[in-house]
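Step one of this worksheet: look at the structure below.
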There are 2 protein chains.
Amino acid sequence: MSYISKLDGKEKGPIPISQEYFKSAFSVDNVIFGFDGTDLRVLLIKRAFKPFLGYWALTGDLVYPHEDLDEAVQRVLTELTGLKDVFMEQVKAFGEVDRHPEGRVITIAYYSLIDIRRYTPNPDAAFATSFKWHKVREVKELAFDHMKILEACFESLKQKVRSQPIGFELLPDKFTLSQLRQLYEAILEQPLDKRNFRKKILSMNLLVDLNEMQQGVAHRPAKLYRFDYKKYKELISKGFNFDL
Amino acid sequence: MSYISKLDGKEKGPIPISQEYFKSAFSVDNVIFGFDGTDLRVLLIKRAFKPFLGYWALTGDLVYPHEDLDEAVQRVLTELTGLKDVFMEQVKAFGEVDRHPEGRVITIAYYSLIDIRRYTPNPDAAFATSFKWHKVREVKELAFDHMKILEACFESLKQKVRSQPIGFELLPDKFTLSQLRQLYEAILEQPLDKRNFRKKILSMNLLVDLNEMQQGVAHRPAKLYRFDYKKYKELISKGFNFDL
DNA sequence: GCAAAAGTGTTCTCGGTACACCCATGC
DNA sequence: GCATGGGTGTACCGAGAACACTTTTGC
């Protein structure tokens with residue numbers, strides 16, 4: 001319990017906080033998920049520097065001294081994609097002593113959900129040689145312990161998407177029920193019955209029928225819906241639980 | 001994305017990691033839960049030092065430079081209670097810039113579950129003037145942002161206890177079904193039907209009937225059970241899901 | 001007209017919930 | 001013998017799962 005005595009040690013005499021405690025740093029890493037209509041994808045950067053030069057890695061950065069954790073994640077994301085006010089969720093801290101070859105760096109892992117069509121890569125980003133949306137299940141090797149982080153975030157997303165209406169963050173504002181179902185199938189990695197899925201999601205009364213149709217598809221066009229966030233907030237305040 | 005360029009900046013010339021990044025530290029805080037047979041309780045310490053002198057606080061410490069996060073939590077817990085191999089679960093990082101008045105300290109919050117009867121306070125612990133098991137719902141004001149941490153951990157426990165058999169960590173090895181039900185009622189903060197609870201928990205076939213009886217109670221004595229961890233591991237490998 | 005995906009109802013099963021009385025013990 | 005909590009069974013209801021055919025469009 002030396003934390004307390006060292007940080008607050010005035011009563012016990014001048015015991016300065018050991019310098020050693022500050023040869024360490026903390027970072028955030030963010031798993032950026034997108035959905036291409038068929039597969040769940042993750043945005044990775046190819047590292048332009050050592051260590052792990054040429055490896056694919058998650059986006060992340062050290063946390064600035066006067067910056068909250070969420071702010072740091074948002075900053076990195078905006079720098080990379082230009083997007084603001086993106087959905088993000090903190091998942092877990094990774095703090096193994098040797099996880100970073102150059103020093104003690106504890107990282108706080110987040111994931112973000114973005115509409116893949118809104119993403120435009122930032123040509124000024126100099127820290128990587130390239131970006132790419134990888135299919136989540138095809139990612140094999142990543143820099144640092146990023147593979148572990150990716151797995152933890154994917155698992156967390158799988159859980160969360162059943163009990164919170166966060167999947168919509170991955171879709172355009174207007175979407176069809178088939179797109180929504182395919183999204184859930186991709187995240188949950190299991191097929192879902194078309195009729196049962198429609199029945200269940202519509203019975204929540206959280207989708208607004210926009211009276212618009214899909215255009216230019218070589219089959220019967222589908223109705224377009226949007227998710228009613230306002231109504232969702234009303235319902236949860238009355239004890240409603242989203243559940244799929 | 002200066003993290004990468006600064007930490008790995010050799011290609012870009014000698015850009016040392018700014019000293020500022022290391023005027024910060026990380027700690028762990030641990031919400032220690034126990035169950036007294038009726039109420040869920042949390043072990044708090046009364047601070048013997050500034051800041052927040054005299055305030056109740058969670059147990060915690062700075063993380064040593066060559067220590068993993070889980071190790072730090074275990075170390076603090078063992079120092080305080082003498083217990084080893086205690087169940088613990090990481091919940092969330094708290095990193096607001098001003099959460100600690102003396103510097104930038106990011107803390108990783110954990111909770112632990114212990115059998116309250118096995119707890120014996122460590123008389124050598126000098127960092128606090130006293131310890132006490134507080135009823136979770138009666139805790140009002142804590143040092144730092146510990147109230148927020150307690151709430152997040154309690155919420156996390158509530159969720160987790162339904163889908164993982166972790167409640168047993170709070171009970172003695174041998175317990176009655178009523179004790180188990182009262183534990184769930186305390187954590188979930190709702191009454192549970194006696195018959196339905198028994199039916200459901202017994203139908204999982206995870207409790208071993210020890211053919212022993214409660215002793216010395218002024219009513220019909222109850223059967224004693226223990227939880228079969230070995231069988232649980234077998235079942236989950238076959239796709240079983242604990243659910244209460 | 002053919003390929004491709006949209007849209008639509010019913011049946012069955014199983015798990016959740018509600019509910020009341022007798023039993024064994026200590027004092 | 002009385003107070004206290006232990007232990008037991010059934011009936012009802014609603015949600016989830018399984019399942020096949022017609023419709024609308026582009027080419």
Side-chain angles (χ1 to χ4, degrees), chain A residues 35-39 161-163 165 171-172 174-186 188-226 235 239-244, chain B residues 35-39 161-163 165 171-172 174-186 188-226 235 239-244:
Chain A
F35 177 62
D36 65 7
T38 307
D39 293 295
V161 84
R162 291 171 164 276
S163 59
L171 292 175
K174 302 176 181 183
F175 53 84
T176 70
L177 289 182
S178 282
Q179 286 165 355
L180 186 61
R181 180 174 47 80
Q182 283 162 3
L183 170 64
Y184 273 89
E185 288 178 336
L188 300 176
E189 300 186 291
Q190 54 173 285
L192 299 172
D193 181 86
K194 186 165 57 160
R195 279 177 287 194
N196 293 338
F197 181 83
R198 295 173 70 90
K199 203 190 319 174
K200 191 159 180 187
I201 193 84
L202 288 175
S203 73
M204 292 186 195
N205 286 314
L206 284 170
L207 298 188
V208 180
D209 183 344
L210 294 171
N211 293 314
E212 290 179 57
M213 291 293 183
Q214 244 181 342
Q215 303 269 328
V217 286
H219 54 78
R220 175 172 175 179
K223 281 185 167 183
L224 291 172
Y225 294 86
R226 70 170 174 78
L235 285 177
F240 170 80
N241 279 313
F242 188 88
D243 177 52
L244 257 181
Chain B
F35 177 63
D36 66 7
T38 306
D39 293 294
V161 83
R162 291 172 166 275
S163 59
L171 292 176
K174 302 176 182 182
F175 53 84
T176 70
L177 289 182
S178 282
Q179 286 166 353
L180 186 62
R181 181 174 47 80
Q182 284 162 2
L183 169 64
Y184 273 88
E185 289 178 337
L188 300 175
E189 299 186 291
Q190 54 174 287
L192 299 172
D193 182 86
K194 186 165 58 159
R195 278 178 288 194
N196 294 338
F197 182 84
R198 296 173 68 91
K199 204 191 318 176
K200 191 158 180 189
I201 193 85
L202 289 174
S203 72
M204 294 187 194
N205 285 315
L206 285 170
L207 299 189
V208 181
D209 182 344
L210 294 171
N211 292 314
E212 291 179 58
M213 292 293 184
Q214 244 181 343
Q215 304 269 328
V217 286
H219 54 76
R220 176 172 173 180
K223 281 185 168 186
L224 291 171
Y225 294 86
R226 71 171 173 78
L235 285 177
F240 169 81
N241 279 313
F242 188 87
D243 176 54
L244 255 180

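Convention: sequence-line order gives letters A, B, ...; per-chain numbering from 1.
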With side-chain contact (heavy atoms from CB on, under 4.5 Å) as the test, would you mind laying out the steps for A:D243 and A:K200 before giving the verdict? CA-CA 9 Å; A:D243 177 52; A:K200 191 159 180 187; 4.0 Å; yes
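- Listed by first and then second residue, the salt bridge (charged side-chain N to carboxylate O under 4.0 Å, His left out) pairs involving residues 175-186 of chain B are B:R181-B:E185 (not counting sequence neighbours).
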Working for side-chain contact (heavy atoms from CB on, under 4.5 Å), residues A:M204 and A:L235: CA-CA 10 Å; A:M204 292 186 195; A:L235 285 177; over 6 Å; no
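- Across all strands, A:S178 comes closer than 4.0 Å only to sugar-phosphate atoms, never to a base (heavy-atom distances).
- Between B:R226 and B:L207, the closest side-chain pair of non-hydrogen atoms is not below 4.5 Å.
- For the segment residues 189-208 of chain A, the set of residues with a heavy atom within less than 4.0 Å of an atom of DNA chain D comprises A:D193, A:R195, A:N196, A:K199, A:K200, in numerical order.
- Nucleotides of DNA chain D lying under 4.0 Å from heavy atoms of chain B occupy a range whose first and last members, 5' to 3', are D:dA3 to D:dT10.
- Residues B:F175 and B:L210 are not in side-chain contact: their nearest non-hydrogen atoms beyond the backbone lie 4.5 Å or more apart.
- For residues 208-221 of chain A, every residue pair satisfying the side-chain hydrogen bond (donor to acceptor under 3.5 Å, both in side chains) rule, not counting sequence neighbours, is listed here: A:K174-A:E212, A:D209-A:K223.
- Between chain B and DNA chain C, the heavy-atom contact criterion of under 4.0 Å yields a 5' to 3' nucleotide range of C:dG16 to C:dG26.
- Residues meeting the side chain to side chain contact (heavy atoms under 4.5 Å, CB included) test with A:R195, sequence neighbours left out: A:D193.
- The residue from A:L202, A:T176, A:L180 that alone fulfils the side chain to side chain contact (heavy atoms under 4.5 Å, CB included) condition with A:Y225 is A:L202.
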Carefully, step by step, assess A:V161 and A:Y184 under the rule side-chain contact (heavy atoms from CB on, under 4.5 Å). CA-CA 8 Å; A:V161 84; A:Y184 273 89; 3.8 Å; yes
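- A:F35 is listed as a side-chain neighbour of A:Q182, based on a closest heavy-atom distance under 4.5 Å.
- Comparing A:T176 and B:G216 against DNA chain C, the residue whose closest nucleotide sits nearer the 5' end is A:T176.
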